2 protein chains.
Amino acid sequence: MSIDIAELLPLNRCGTCPIRHRALCSVADDKALKALNQISRRTRFEAGQTIMSEEAPVDFVGNVVSGVVKLTKITPDGREQIVGLLFPSDFVGRTFADSSAFSAEAATDVELCCLQKPGFERILADHRDLEHKLLIDTLDELDAAREWMLLLGCKTAAEKIASFLLMLVRRAFNTGCGQDPPPNQLVFELPVSRADMAGYLGMAVETVSRQLSQLKADGVIRLVDVQHFLVKDLGRLAEIAGQEPPVYVEDAEFETRRY
Amino acid sequence: MSIDIAELLPLNRCGTCPIRHRALCSVADDKALKALNQISRRTRFEAGQTIMSEEAPVDFVGNVVSGVVKLTKITPDGREQIVGLLFPSDFVGRTFADSSAFSAEAATDVELCCLQKPGFERILADHRDLEHKLLIDTLDELDAAREWMLLLGCKTAAEKIASFLLMLVRRAFNTGCGQDPPPNQLVFELPVSRADMAGYLGMAVETVSRQLSQLKADGVIRLVDVQHFLVKDLGRLAEIAGQEPPVYVEDAEFETRRY
DNA sequence: CGACATGTTGAACCTCATCAACCGACGTGG
DNA sequence: CCACGTCGGTTGATGAGGTTCAACATGTCG
């Protein structure tokens with residue numbers, strides 16, 4: 001009785017994938033996983049590279065494995081709004097349509113698990129669980145988008161920045177996956193440039209910078225370096241953002257709620 | 001050989017339903033339709049009434065049959081942002097979760113086709129087509145939400161108003177359903193109050209009023225009465241909104257794209 | 001080391017929110 | 001029937017918050 005290594009290989013590939021337990025594939029059984037493997041390819045994009053462009057048809061979708069992807073839309077006269085930031089395990093692209101209404105661009109260096117669209121849609125058809133999970137994720141994404149509308153529509157600059165930082169804190173809390181130590185040192189990464197923060201929050205870079213300085217001056221945070229901040233007063237930060245302070249959950253593996 | 005009238009009744013009820021061809025049920029076969037009928041109830045809400053409130057669990061979802069529903073979220077200090085306007089055939093409520101993150105309120109008098117949540121989710125499980133359609137609709141909704149983020153994030157007051165009017169024009173163009181004459185008279189309804197427009201567009205009522213007056217002064221529109229406007233220059237309107245002008249489609253029955 | 005990108009800080013301007021007065025429509029009660 | 005209050009909408013005056021323009025600082029890469 002022998003074991004067919006080739007048969008197991010694809011499963012192992014996914015087995016070591018960092019987003020295996022959170023992305024769409026978390027609900028895939030062995031059969032579905034093998035099918036996904038056959039149409040998937042890990043691709044790297046450098047910061048600044050365009051992954052897919054609005055108006056141009058795209059023949060693949062994907063999952064963010066590492067890095068941050070920004071979804072953007074540009075007004076006819078050139079202003080750019082970031083309508084979504086996608087983090088590891090998030091889904092990129094528009095299923096069941098030829099093109100996306102938005103461009104996707106690598107905000108940092110990005111690894112993407114790319115899936116050919118026709119193949120992917122066939123797999124969705126064959127595996128209800130996957131399609132169901134996609135529906136759930138899309139509903140969460142919609143809630144998150146609407147939450148962001150609240151921010152864009154009626155929050156002040158200070159509230160916006162605080163909300164953004166808080167979102168990063170929440171993300172860090174919820175993706176600990178047990179392998180990282182609990183963040184008693186409350187240092188977090190600012191994964192994107194000031195310009196991208198500005199684009200996401202609907203304000204000017206200068207205002208972003210000023211508000212960060214203000215939070216620093218008020219002793220709410222400290223800027224370790226340009227890409228890392230330390231939270232000195234989480235309560236105050238949450239208060240400024242107009243939200244409840246987040247709580248660290250020990251094992252956040254299955255904490256899928258989005259912020 | 002006799003016909004069981006009771007058997008046919010539910011189908012007839014839906015048969016005369018104005019949103020039968022556009023809502024979720026458009027993909028329901030007779031069997032699914034009968035199942036939906038058994039858990040559905042047409043309910044009326046008066047303008048201003050709360051349909052469901054964030055934080056409070058809700059045991060039903062629904063489809064807007066007539067009227068306009070606003071989805072709102074309130075900041076801790078009382079500012080209200082409207083994160084979505086739902087028109088006839090749009091879906092209300094959050095499937096696969098106990099409560100919605102947003103409140104739904106009748107912006108006008110509303111007729112809602114209410115469906116008990118547990119029953120509805122069972123029907124989704126039994127009828128893939130329905131769940132698939134829900135996925136497609138949710139994806140469209142997400143695109144629309146992101147489109148709105150562009151508006152909230154980087155458009156001026158004038159652009160916002162123009163975009164809003166244009167959205168109403170598009171809706172009217174796309175839901176003609178052949179029964180209404182093509183709108184050679186370009187008169188459209190403002191289905192919500194100035195306050196709700198303001199809440200949706202993220203600006204003050206006064207600004208809404210002023211911008212409407214400005215469009216009037218510029219000869220782009222005319223205010224027939226407080227709830228109806230006539231478009232005198234569609235091209236200009238689209239230009240101000242920063243979009244392509246919409247085109248009237250003869251038979252828009254299956255035009256499901258959202259704006 | 002200089003060149004270029006990215007981030008910060010300062011000053012002037014402008015859009016829009018805010019406060020306030022006013023108008024017309026509507027409903028109620030005297 | 002008219003006086004009255006209320007509510008939704010419009011218009012005017014004022015000021016604050018945030019954009020814009022500009023200079024400067026910092027960091028990175030050849």
Side-chain angles (χ1 to χ4, degrees), chain A residues 46-48 70 75 77-81 107-109 151-165 189-218 221-229 240 242, chain B residues 46-48 68 70 75 77-82 107-109 151-165 189-218 221-229 240 242:
Chain A
E46 284 178 19
K70 57 178 178 176
T75 60
D77 59 330
R79 285 164 291 170
E80 175 189 89
Q81 174 71 28
T108 65
D109 287 351
L151 178 144
L152 291 173
C154 58
K155 289 197 177 179
T156 66
E159 290 170 324
K160 285 178 177 180
I161 288 287
S163 300
F164 182 72
L165 297 184
E189 192 187 0
L190 284 169
V192 298
S193 68
R194 300 291 189 271
D196 284 343
M197 289 179 58
Y200 196 31
L201 298 169
M203 50 204 254
V205 258
E206 295 92 328
T207 312
V208 171
S209 188
R210 268 185 262 273
Q211 293 298 334
L212 284 174
S213 303
Q214 190 60 48
L215 285 176
K216 195 173 64 176
D218 293 349
I221 62 169
R222 232 185 62 205
L223 289 173
V224 179
D225 62 44
V226 79
Q227 288 208 347
H228 295 271
F229 66 99
I240 296 174
Chain B
E46 284 179 18
V68 182
K70 55 177 177 175
T75 60
D77 59 330
R79 285 164 292 170
E80 176 189 270
Q81 173 71 31
I82 296 179
T108 65
D109 287 350
L151 178 145
L152 292 173
C154 55
K155 290 198 176 178
T156 66
E159 290 171 324
K160 285 178 177 180
I161 288 288
S163 300
F164 182 72
L165 297 185
E189 192 188 0
L190 284 169
V192 298
S193 68
R194 299 291 190 268
D196 284 343
M197 289 179 59
Y200 195 33
L201 298 170
M203 49 204 255
V205 257
E206 294 92 330
T207 311
V208 171
S209 187
R210 266 185 263 273
Q211 293 298 335
L212 284 174
S213 303
Q214 189 60 48
L215 284 176
K216 195 174 62 176
D218 293 349
I221 62 170
R222 232 185 60 206
L223 290 172
V224 179
D225 62 46
V226 79
Q227 288 207 348
H228 295 271
F229 65 100
I240 296 174

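To find a chain, count down the sequence lines: A is the first, B the second, and so on, and within it residues start at 1. This structure is a prediction, so every number in the text was calculated from the model and none was measured.
When each of D:dT19, C:dT8, D:dT11 is scored by its nearest atom to the side-chain atoms of A:Met203, the top-ranked nucleotide is D:dT19. Set against C:dC19, D:dT19, C:dG7, the side chain of A:Ala204 has D:dT19 as its closest nucleotide. Set against D:dT10, C:dC19, C:dG7, the side chain of B:Glu206 has C:dC19 as its closest nucleotide. With C:dT8, D:dT10, D:dG9 as the choices, the nucleotide that has an atom nearest any side-chain atom of B:Ser193 turns out to be D:dG9.
If you measure from atom CG of B:Leu223 to atom P of D:dG9, you get 12 Å, rounded to the nearest angstrom. Counting to the nearest Å, the P atom of C:dG7 and the NE2 atom of A:His228 are 13 Å from each other. Protein atom CD of B:Gln227 is 13 Å distant from nucleotide atom C1' of C:dA25, rounded to whole Å. The separation between A:Glu159 atom CD and D:dG18 atom C1' is 14 Å, rounded to whole Å. Between the CG atom of B:Leu152 and the P atom of C:dT15 there is a distance of 20 Å, given to the nearest Å. Rounded to an integer number of Å, the gap from CD of B:Gln214 to P of D:dT10 is 14 Å. Per the geometry, NZ belonging to A:Lys160 stands 14 Å off P belonging to D:dG17, to the nearest Å. Whole-Å rounding puts the A:Met197 CE to D:dG18 P distance at 15 Å.
Side chain of A:Ser163 to backbone of A:Glu159: a donor-acceptor contact under 3.5 angstrom is found. B:Arg194 contributes a side-chain N or O that, together with a main-chain N or O of B:Val226, makes up a donor-acceptor pair within less than 3.5 Å. Here the side chain of B:Asp109 pairs no donor or acceptor atom with the backbone of B:Glu46 at under 3.5 angstrom.
Residues A:Gln81 and B:Leu152 are not in side-chain contact: their nearest non-hydrogen atoms beyond the backbone lie 4.5 Å or more apart. A 4.5 Å side-chain heavy-atom check between B:Ile221 and B:Leu212 finds at least one atom pair inside the cut-off.
For C:dA17, one of the phosphate oxygens OP1 or OP2 lies less than 4.0 angstrom from a side-chain nitrogen or oxygen of B:Thr207. Close to D:dG17, at under 4.0 Å from its OP1 or OP2, lies no side-chain N or O of A:Thr156.
Contact annotation for B:Gly202: backbone-only contact, meaning every heavy-atom pair under 4.0 Å involves sugar-phosphate atoms and none involves a base.
Nearest-nucleotide mapping onto DNA chain D: of B:Val192 and B:Arg210, the residue sitting toward the 5' end is B:Val192.
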